[in-house]
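Shown next, in structure tokens, is the structure this report addresses.
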Amino acid sequence: MSITSRAVRIDQPGGPEQMKLVEVTVGDPGPGEVRIRHHAIGLNFIDVYQRTGLYALPLPLQLGMEGAGIVDAVGEGVTHLRPGDRAAYASQPPGAYCDVRVMPAMNVCRLPDNISFEEGAAMMLKGLTAQYLLKRCPPVEGLLPGDFVLFHAAAGGVGLIACQWAKALGLQLIGTAGSDAKCELARANGAAHVINYNTEDFLPRVKEITGGKGVKVVYDSVGKDTWDKSLDCLSPFGLMVAFGNASGPVPPFAPAILAAKGSIYVTRQTLFSHITSRERTQSMADDLFAVVGSGQVKIHVEQRYPLEQVQQAHRDLEARKTTGSTVLLP
Ligand SMILES: NC(=O)c1ccc[n+]([C@@H]2O[C@H](COP(=O)([O-])OP(=O)(O)OC[C@H]3O[C@@H](n4cnc5c(N)ncnc54)[C@H](OP(=O)(O)O)[C@@H]3O)[C@@H](O)[C@H]2O)c1
């Protein structure tokens, strides 16, 4: 049975004005697929990279990587979901900006009853990212309670989850953010120290906070603007986890600088390398559901937009006007 849905599509890369709300036909799920009717859709910075063409994908492109809703049909071979289940996901391919879609079931998880649809849509991509950053990218000798880590854009969607989770793990997270109000938000959510990197040079401040030693790990999703100084914030053998480019991509660099800075390590990570199997997706999601269910991590849905105002949502995200998570409501 085919049904119609509204969907946000781009026909060419560019600014927010390229996003058009169109009507599409949605069919039945095939083998390994589900059809899900969204109650809330997550907004992520990766949507901006895909819209602008920084991450080039075939066109026309329906955007969106995160959502929550009710499963209304399952395809052959899908055993972990049934019609009527509450569910949430972070998943490829893009296409979450819509009322209803057919998609691979592998990354779709049943949503516990104590987590709302809005929270589900606000936490799967961002929370699973915080999960792998803190638990699946260990530096040499691991991350131990009391260790210092530096987390840029700490008041953002991934940032506020990471601040709380790092505190629960006993880490001393130094959070950077672009205003004093954002810094206070990061502190209220568990950052041990905060730095407004628009008004203060974060490198000497990190050195001061750590007694000159530097941090074991830097989590850097800002990219171009923070890259060089972030490497200098690391202690010897420290780990730079690059996972985004909100300010622009990092230019090429010579590996020899890693030796000069204390035999440091650099990795560029993406969530989608971590969730390539149903089992791994579910175990990471279970960890996330547990930390949210226990109240140690609260999901801050700070902005809500009707789906038809998606252009404004993108403008606000890119203008650094948002904090925490943002959802689009179908
Ligand atoms: N690789 C992965 O697996 C993965 C997964 C999820 C997210 N990410 C990345 O993690 C980052 C956070 O994602 P999110 O969706 O939660 O976004 P977000 O943190 O809510 O928003 C991005 C933040 O980046 C900061 N920023 C610094 N320079 C900026 C600039 N020139 N333009 C715009 N923003 C700038 C802003 O905070 P301040 O004003 O405080 O600086 C802004 O609020 C993004 O870079 C995203 O691509 C990567």
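One-based numbering, in listed order, for ligands and for the atoms of each.
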Handout entry: Closest protein heavy atom to atom 22 (C) of ligand 1, given as residue, atom name and distance to 0.1 Å
Key = Phe45 CD1, 3.6 Å
Problem - atom 9 (C) of ligand 1 - nearest protein heavy atom and its distance - result: Phe243 O, 3.5 Å
Fill in the blank from the handout: Counting from 1 in the order shown, the ligand 1 atoms closer than 4.0 Å to a non-hydrogen atom of Gly156 are 18 (P), 19 (O), 20 (O)
Practice task
Would you check if Phe151 and Val217 make a side-chain contact, meaning some heavy-atom pair closer than 4.5 Å?
Solution key: no
Problem - For Leu125, the ligand 1 atoms whose distance to one of its heavy atoms is below 4.0 Å - result: 5 (C), 6 (C)
Practice task
Would you tell me whether Asn189 and His300 have side-chain atoms, one donor and one acceptor, within less than 3.5 Å of each other?
Solution key: yes
Problem - For Thr270, atoms of ligand 1 separated by under 4.0 Å from a heavy atom - result: 1 (N), 2 (C), 3 (O)
Problem - Contact atoms of ligand 1, heavy-atom distance to Val222 under 4.0 Å - result: 27 (C), 28 (N)
Practice task
Could you see which bit of Gln269 sits under 4.0 Å from ligand 1, with heavy atoms only: side chain, backbone, both or neither?
Solution key: backbone
Handout entry: side chain to side chain contact (heavy atoms under 4.5 Å, CB included) partner of Val100, chosen from Ile36, Val26, Ile70
Key = Val26
Problem - Heavy-atom proximity to atom 41 (O) of ligand 1, best of Phe272, Tyr219, Tyr197 - result: Tyr197
Exercise for the section: Say whether Asn44 and Lys126, considering side chains only, have a donor N or O and an acceptor N or O under 3.5 Å apart. Expected result: yes
Problem - Polar contact flag, side-chain donor to acceptor under 3.5 angstrom, Asp225-Tyr197 - result: no
Exercise for the section: Determine whether any heavy atom of Tyr132 lies closer than 4.0 Å to an atom of ligand 1. Expected result: yes
Exercise for the section: Say whether, by atom type as modelled, one donor and one acceptor occur between the side chain of Arg86 and the main chain of Ile115 under 3.5 angstrom. Expected result: yes
Exercise for the section: Using a strict 4.0 Å cut-off to heavy atoms of Ala177, name the atoms of ligand 1 that fall inside it. Expected result: 40 (O)
Completion exercise
ligand 1 to Gly157, heavy atom cutoff 4.0 Å, flagged ligand atoms 16 (O), 18 (P), 19 (O), 20 (O)
Problem - Polar side-chain atom of Gln282 near backbone of Glu279 as donor-acceptor pair, under 3.5 Å - result: no
Practice task
Report yes if the side chains of Arg51 and Pro13 come closer than 4.5 Å at any heavy-atom pair, otherwise no.
Solution key: no
Fill in the blank from the handout: atom 16 (O) of ligand 1 sits nearest the protein heavy atom Val158 N, 2.9 Å
Handout entry: NZ (Lys261) with more than 12 external heavy atoms under 6.0 Å
Key = yes
Completion exercise
Nearest non-hydrogen protein atom to atom 5 (C) of ligand 1, with distance, is Thr129 OG1, 3.1 Å
Practice task
Assess the pair Tyr97 and His38: is the distance between their ring centroids shorter than 6.0 Å?
Solution key: no
Problem - Residue and atom name of the nearest protein heavy atom (relative to atom 31 (N) of ligand 1), distance in Å to one decimal - result: Ser247 CA, 3.5 Å
Practice task
State, yes or no, whether a side-chain contact exists between Leu61 and Gln50 at a heavy-atom distance under 4.5 Å.
Solution key: yes
Problem - Glu17 atom CD, neighbour heavy-atom count above 12 within 6.0 Å - result: yes
Fill in the blank from the handout: Quick note on ligand 1: atoms under 4.0 Å from a heavy atom of Leu271 include exactly 2 (C), 3 (O)
Exercise for the section: Between Ser325, Ser221, Gly127, flag the one that comes closest to atom 12 (C) of ligand 1 by a heavy atom. Expected result: Ser221
Handout entry: Closest protein heavy atom (residue, atom, distance) for atom 43 (O) of ligand 1
Key = Lys182 NZ, 3.6 Å
Handout entry: Identity and distance of the protein heavy atom lying nearest atom 45 (O) of ligand 1
Key = Tyr49 OH, 2.8 Å
Exercise for the section: Considering only non-hydrogen protein atoms, determine which one is nearest to atom 34 (N) of ligand 1 and report residue, atom name and distance to 0.1 Å. Expected result: Arg320 CG, 3.4 Å
Practice task
Can you sort out which atoms of ligand 1 are near Glu318, meaning under 4.0 Å from one of its heavy atoms?
Solution key: 32 (N), 33 (C)
